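Reviewing the structure listed below.
Only heavy atoms go into these numbers, but all of them, side chains included; no hydrogens, no water, no symmetry mates. All values derive from a computational prediction rather than experimental measurement.
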Amino acid sequence: MPRSLISTWPQQGLILSSGRVPSLSGVGVLGSCASVLCAMVRLPRGRSGRGVWQAPAAILSFIVFIDFHRGHIGHPNNLPRQGVLSPLKTRAWRPVLRVTSVRAGPGPCFPGLVAASFCRKFSLTSPRLAVPQRSKLMNMFSMCHVSCGKEHGSQVLESFPILCGSCRRHSASFSQESESEAKVDGETASDSESRTESAPLPVPADDTPEVLNRALSNLSSRWKNWWVRGILTLAMIAFFFIIIYLGPMVLMIIVMCVQIKCFHEIITIGYNVYHSYDLPWFRTLSWYFLLCVNYFFYGETVTDYFFTLVQREEPLRILSKYHRFISFTLYLIGFCMFVLSLVKKHYRLQFYMFGWTHVTLLIVVTQSHLVIHNLFEGMIWFIVPISCVICNDIMAYMFGFFFGRTPLIKLSPKKTWEGFIGGFFATVVFGLLLSYVMSGYRCFVCPVEYNNDTNSFTVDCEPSDLFRLQEYNIPGVIQSVIGWKTVRMYPFQIHSIALSTFASLIGPFGGFFASGFKRAFKIKDFANTIPGHGGIMDRFDCQYLMATFVNVYIASFIRGPNPSKLIQQFLTLRPDQQLHIFNTLQSHLIDKGMLTSAIEDE
Amino acid sequence: MLGLRHRGGCPGPGEVVALPPLEGEAAGGDHETESTSDKETDIDDRYGDLDSRIDSDIPEIPPSSDRTPEILKKALSGLSSRWKNWWIRGILTLTMISLFFLIIYMGSFMLMLLVLGIQVKCFHEIITIGYRVYHSYDLPWFRTLSWYFLLCVNYFFYGETVADYFATFVQREEQLQFLIRYHRFISFALYLAGFCMFVLSLVKKHCRLQFYMFAWTHVTLLIIVTQSHLVIQSLFEGMIWFLLPISSVICNDITAYLFGFFFGRTPLIKLSPKKTWEGFIGGFFSTVVFGFIAAYVLSKYQYFVCPVEYRSDVNSFVTECEPSELFQLQNYSLPPFLKAVLRQERVSLYPFQLHSIALSTFASLIGPFGGFFASGFKRAFKIKDFANTIPGHGGIMDRFDCQYLMATFVHVYIASFIRGPNPSKVLQQLLVLQPEHQLNIYKTLKIHLIEKGIL
């Protein structure tokens, strides 16, 4: 079964994405990007010319999918709005779709799958759907069925019973299908009905798309979870690579978005816990505090790293000169608002929420600020730690999945000692390899600097000693085993061992903390942004300690203060202070015997 | 919320019993317990509390027993209770003020210790409240962890201060230098140890409470320790930056109380029924006047004006310097309408006095919000005072509630309007650089200074 699943990867990416349509469009797009990527990867291996057709088919269906997307974002019960490709136009697409599907095999039945999940989610269960719209949708389904069902009948039917089931149900032309499949269909219909009946803000249940559930129904739940997670992990990693390719500015924005999303998830939990009390101003104040703190931290970053830009622009200079004062004033306004918003009925809850907001800010915002600092220190300091944590997550999961016997901690029953240890070794090896690869590229190694002339970020420098190959003697024991005496490594690789050790030994504690938190508030995941993974916060729980560690590590072991920054500070001092410092430095250098030679040189 | 609580997981032991299945039943059940325990509690409060279980805990906090010294009680027995309170507060205020003067006289190091002592005591008071609220659940490790976190955070902040202001001392001692070099790493490792302990100490029964206490500790640390760190930093900036804000707040407290006592009619805010608009406004004007005068008096003395510096040759703190322009008399021309009133063209003032107006305005307008916050907090947990350390005043925290915003304000104010980066800090950072960097910087500086014509 797994093999057949591999062959339908692209579809599954899309199924996943389509299943998520109503709640979050971004993930859906991500999933379909992944499906396109998968199709591309499979291209060379395609049999007898089929592969050639796969990529265009995938892209085409991607377009169709996006179109659907645009039409249906919003409340689940909203009627689908008209997309660009209205059913009429889709009819025009039909021959194209058919040709591609015939040539490419079962690959391009995405539109059908999309439609199927739609059919389940909105239209067929929604009594509000008008008859003409329904018929238009039906048109779409039957078209899809033609494109995927007739040509590759049984195979697709087996994999995606729901699609054909729903088509069958609403189209007389398929009424001669067997009864057993109708039963399947009945089940799905009742499933979806019960889902729509549930509360408008359901507590995250299993949000895996129904289609995928069906497709994987032959597998045990253990394997199913494995697959869902695996596919989305790949999608996320691919996304991560694209972002890295786009450069530090985009990375910074992504960090900020992740931070805001995490804050949102945690605050939403707080809000869900307390929302029946209708606390005045609570959401507004929380977001206001987030804004203030972000203004403060991003302002600091800007003054540090965009120094030349700030010096050039007069308004910016004033903002940066009084930056702290402004941020403090902003914060004070929020504080006073909080005090004034206190009402007798809810005192204690309001204080709880105040504490909740502040602890969240402390954890999320300061950490993301540190992440950005690391990023400016050189992209390698950002990518290696993050990928170490991700690698450790995946490896621990895999090792635990295959060899897991002994439970590690009561808080997360799924974590095992085998996974922990296996993850540790795998991460160290991964960190060594990754840092070896990355140390070779200047764009990763050099600090990100703002270039005044070109008005953009540049990463170009003479790599420091840390990123130059050096000979190391291998300790005696290993020498006899390998037979080499010395090995050429980047010194950074040795640092990477420290990073990956931290990522795999202490990092999981962040995860335990998060899972303890989830248990305390009786939620399964922080949110359900990514199917199979939960919220963004679920994925980043282990990253949070890491950011501080890297920052502290760089400050303690890698470098002292930045010389160019010191000169900048020096220049802002008063002349007499400058003179004083200059004299002290001079006498210090003479004491050390370094200056006499310099004078002789002159 | 009810739904969430019902969904299994880790309920507290009392929760299952106390948890009503429906809102209507909740009202009935709660009403009974409340009418027996605390008549004064508002019916509304029942909704305001997170868990009815926690709610029922609150009255268990023992009411602060009257700890007024016996002699005072006897002496005041003839007075009405309103006047008695007045006298007790008055006498103890005077005592505290004289103690404060004594410590100022003893120098900045003692002041630093005093700030540390107050900080620890405040932390203790707040943590004790948390402990009392939750103590029946016997949370594992809770007190130990709280104090451990306090230790870590203090180690971090005081280490930073030592590195900043004792730079010469640190340069001399080899071991200290090591500690300073890896200071952040060590503090982070210490904190991490605490964090891991916390995660390992999580037990299924109490995990929500444990997270509450974790947050409680951290918010307390955030408010108290960082603030006291800022207080110490402004202390090193010159004692005047420490004394004037603090005495402004104290003055505002006292005069607002006095004005409110004598003229108070209109209540200011529901949170503190005793505060009145008259007290607020009267306090504001008298604080500005007080700050203006105090700034004039204090600016004369080098002892208060100069930054505190550690001198390694005498092994002590010295406060000697050429006072900066801020503390040298300057002539200001008066605005026309004041000219007509005072019949003077010009007046000689210390520029610092103008800054003192900003400080005292903040102390009297925004400072009380710290007090409102604290009294809201006290109401939320249904306590009268944070502790009863000082008779008539309550806990230390009750006296310092208005000071906390002030510390940050002074720090930000100094950083924004008074000075740029600290020269000694720049120098210290220069000295830890690698020799070749130092040499490079030396050359750059030399060129720069020659260009400016300073050298």
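Separating the CZ atom in B:Phe372 from the CG atom in A:Leu340 is a distance of 8.5 Å, to the nearest 0.5 Å. For the atom pair CG (B:Leu202) and CZ (A:Arg519), the distance works out to 10.5 Å, reported to the nearest 0.5 Å. A distance of 5.0 Å separates NZ of A:Lys522 from CZ of B:Arg208, quoted to the nearest 0.5 Å. Once rounded to the nearest 0.5 Å, the distance linking NZ of B:Lys443 with CG of A:Leu589 reads 10.0 Å. Here A:Phe582 contributes atom CZ and B:Ile441 contributes atom CD1; the two are 12.5 Å apart, rounded to the nearest 0.5 Å. In this structure, the separation between NE2 on B:His218 and CD1 on A:Ile363 is 7.5 Å, given to the nearest 0.5 Å.
Aromatic ring centres of B:Phe188 and A:Tyr553: separated by at least 6.0 Å. Residues B:Phe373 and A:Phe354 place their aromatic rings such that the two centres sit under 6.0 Å apart.
Using a 4.5 Å cut-off between heavy atoms, B:Leu405 contacts chain A through both its backbone and its side chain. For A:Phe338, the part lying under 4.5 angstrom from a heavy atom of chain B is the side chain only. Using a 4.5 Å cut-off between heavy atoms, A:Tyr331 does not touch chain B at all. B:Thr408 touches chain A through backbone and side chain together, each having a heavy atom under 4.5 Å away. Of the two parts of B:Phe369, the backbone and the side chain both hold a non-hydrogen atom closer than 4.5 Å to a non-hydrogen atom of chain A. Neither the backbone nor the side chain of B:Tyr191 comes within contact range of chain A; no heavy atoms are under 4.5 Å apart. When heavy atoms are compared at a cutoff of 4.5 Å, B:Phe409 approaches chain A by way of both its backbone and its side chain. Proximity to chain A is absent for every atom of B:His183, based on heavy atoms less than 4.5 angstrom apart.
Taking both residues in full, the closest heavy atoms of A:Tyr322 and B:Ser416 are given as CE2-O, 3.5 Å, listed atom of the first, atom of the second, then distance. Pairing each heavy atom of A:His358 with each of B:Leu222, the nearest pair is CD2-CD2, 4.2 Å.
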- prompt: How far apart are the C-alpha atoms of A:Phe557 and B:Phe185, what are their side-chain angles, what is the distance that settles it, and do they pass the ring-ring contact (aromatic ring centres under 6.0 Å, His included) test?
  reply: CA-CA 9 Å; A:Phe557 297 105; B:Phe185 193 77; 4.8 Å; yes
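Looking at A:Tyr347 and B:Phe377, their side chains never come closer than 4.5 Å, going by heavy atoms from C-beta outward. By the 4.5 Å heavy-atom criterion applied to side chains, B:Leu192 and A:Phe502 are counted as neighbours.
For chain B, the option among A:Leu332, A:Val339, A:Ile506 with the highest count of heavy-atom pairs below 4.5 Å is A:Val339.
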